[in-house]
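Shown next, in structure tokens, is the structure this report addresses.
These figures come from a predicted structure and were not determined experimentally.
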Amino acid sequence: MGMTPAAMDDVLNRHFEGEEAHDLKAVLATLTEDIEHDVVGLGVNHGHDAVTKVYELLFSETTDEEYKPVRRLHGENHVVDEVLATCLVSGPNVFGPQAVGKVVTYRLLHVLEFRDGLISRENVWMDFGAILAQTTAE
């Protein structure tokens with residue numbers, strides 16, 4: 001039997017709260033042990049150990065994250081979620097050296113699959129074009 005939209009929303013909201021707080025333990029608690037985590041442009045990772053490295057990089061390179069919901073579409077055991085993300089870039093490896101010290105706002109699209117009450121696949125699309133436009137303008 002599939003998860004209800006409310007149950008998926010609860011897991012996803014806890015996931016985003018963990019991301020905003022840079023709470024790796026809270027983020028991992030929302031993911032299956034065999035999670036497939038695909039941040040387009042940064043690569044596909046499998047399992048908590050590999051995903052931990054991705055989040056450690058993201059957490060070390062950004063601060064003051066805020067996510068404003070745009071829309072969330074539910075299907076059977078999956079969600080497509082669009083938010084406007086804002087953060088202060090503090091490192092050069094994710095958004096580029098030109099972004100360090102700048103606040104950027106960009107669209108962030110998640111395609112998520114759920115199994116056993118947790119996120120089993122997370123596919124993340126960042127609007128790097130918007131980030132580049134904000135960080136290279138004089």
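Between His15 and Tyr55, the angle of the ring planes goes over 60°, which puts this pair in the perpendicular group of the 30/60° scheme.
Taking CD from Glu76 and OG1 from Thr4, the interatomic distance works out to 12.0 Å, rounded to the nearest 0.5 Å. Rounded to the nearest 0.5 Å, atoms CG (Asp9) and CE (Met3) are 9.0 Å apart. We find the CG-CD1 distance between Leu108 and Ile131 to be 8.5 Å, quoted to the nearest 0.5 Å. A distance of 6.0 Å separates OG1 of Thr86 from NZ of Lys68, quoted to the nearest 0.5 Å. Rounding to the nearest 0.5 Å places CG of Asp127 at 10.5 Å from CG of Leu109. Note that NE2 of His22 and CG of Asp64 are 8.5 Å apart. Values are rounded to the nearest 0.5 Å.
The closest donor-acceptor contact from the side chain of Thr32 to the backbone of Leu118 lies at 3.5 Å or more, if one exists at all. Checked by atom type and distance alone, the side chain of Asp10 never pairs as donor or acceptor with a backbone atom of Ala6 at under 3.5 Å. Of the possible polar contacts, one joining the Lys102 side chain to the Thr135 backbone as a donor-acceptor pair under 3.5 Å is found. A donor-acceptor pair under 3.5 Å links the side-chain atoms of His48 to the main chain of Leu31, judged by distance alone.
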Would Asp38 and Val124 count as a side-chain contact (heavy atoms from CB on, under 4.5 Å) here? Give the steps. CA-CA 6 Å; Asp38 177 9; Val124 183; over 6 Å; no
Please test Gln134 against Thr105 for side-chain contact (heavy atoms from CB on, under 4.5 Å), starting from the C-alpha separation and ending with a verdict. CA-CA 8 Å; Gln134 293 170 69; Thr105 299; 4.3 Å; yes
Where do Leu24 and Thr52 land on the side-chain contact (heavy atoms from CB on, under 4.5 Å) test, with the steps shown first? CA-CA 7 Å; Leu24 183 58; Thr52 292; 3.4 Å; yes
Set out, in order, the CA-CA distance, both residues' side-chain angles and the distance that settles side-chain contact (heavy atoms from CB on, under 4.5 Å) for Glu36 and Val44, then state yes or no. CA-CA 7 Å; Glu36 178 183 322; Val44 180; 4.0 Å; yes
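Tyr106 pairs with exactly one of Phe128, Phe95, Tyr67 by the ring pair (Phe, Tyr, Trp, His ring centres under 6.0 Å) rule, that one being Phe95. When the options Val80, Asp81, Leu12, Asn123 are evaluated for a side-chain contact (heavy atoms from CB on, under 4.5 Å) with His110, the one that passes is Asp81.
Here the shortest heavy-atom pairing between Ser90 and Ser60 reads OG-O, 3.3 Å. Closest approach of Glu19 to Phe59, counting heavy atoms only: O-CE2, 3.7 Å. The two residues His78 and Met8 have their closest heavy-atom pair at N-SD, 3.6 Å. Here the shortest heavy-atom pairing between Val94 and Glu61 reads N-OE1, 3.2 Å. Nearest approach of Val79 to His74, heavy atoms of both residues: CG2-CD2, 3.7 Å. Closest of all the heavy-atom pairs between Thr62 and Cys87 is CG2-SG, 3.8 Å.
Considering only heavy atoms from C-beta on, Leu132 comes within 4.5 Å of Gln98 through its side chain. When side chains are defined from C-beta on, Lys53 does not count as touching Asn45, because their heavy atoms never get closer than 4.5 Å.
If you chain together hydrophobic residues whose side chains sit under 4.5 Å apart, Val39 and Val104 fall into the same group. Linking Ile, Leu, Val, Met, Phe, Trp and Tyr whenever their side-chain heavy atoms come within less than 4.5 Å puts Val54 and Met126 in one cluster. The cluster map of Ile, Leu, Val, Met, Phe, Trp and Tyr, joined by side-chain heavy atoms under 4.5 Å apart, puts Val100 and Leu88 in different clusters. Hydrophobic clustering keeps Phe16 apart from Val111 (ILVMFWY residues linked when any side-chain heavy atoms are closer than 4.5 Å, directly or through intermediates). Placement of Leu28 and Phe114 within a single hydrophobic cluster is found when ILVMFWY residues are connected by side-chain heavy-atom separations under 4.5 Å, directly or transitively.
Glu82 has a carboxylate O that lies under 4.0 Å from a charged side-chain N of Arg107, or vice versa, which qualifies the two as a salt bridge. Arg115 has no carboxylate O lying under 4.0 Å from a charged side-chain N of Glu113, or vice versa, which leaves the two without a salt bridge.
Summarising the local packing, CZ of Arg14 is surrounded by more than 12 heavy atoms from other residues, nucleotides or ligands at distances under 6.0 Å.
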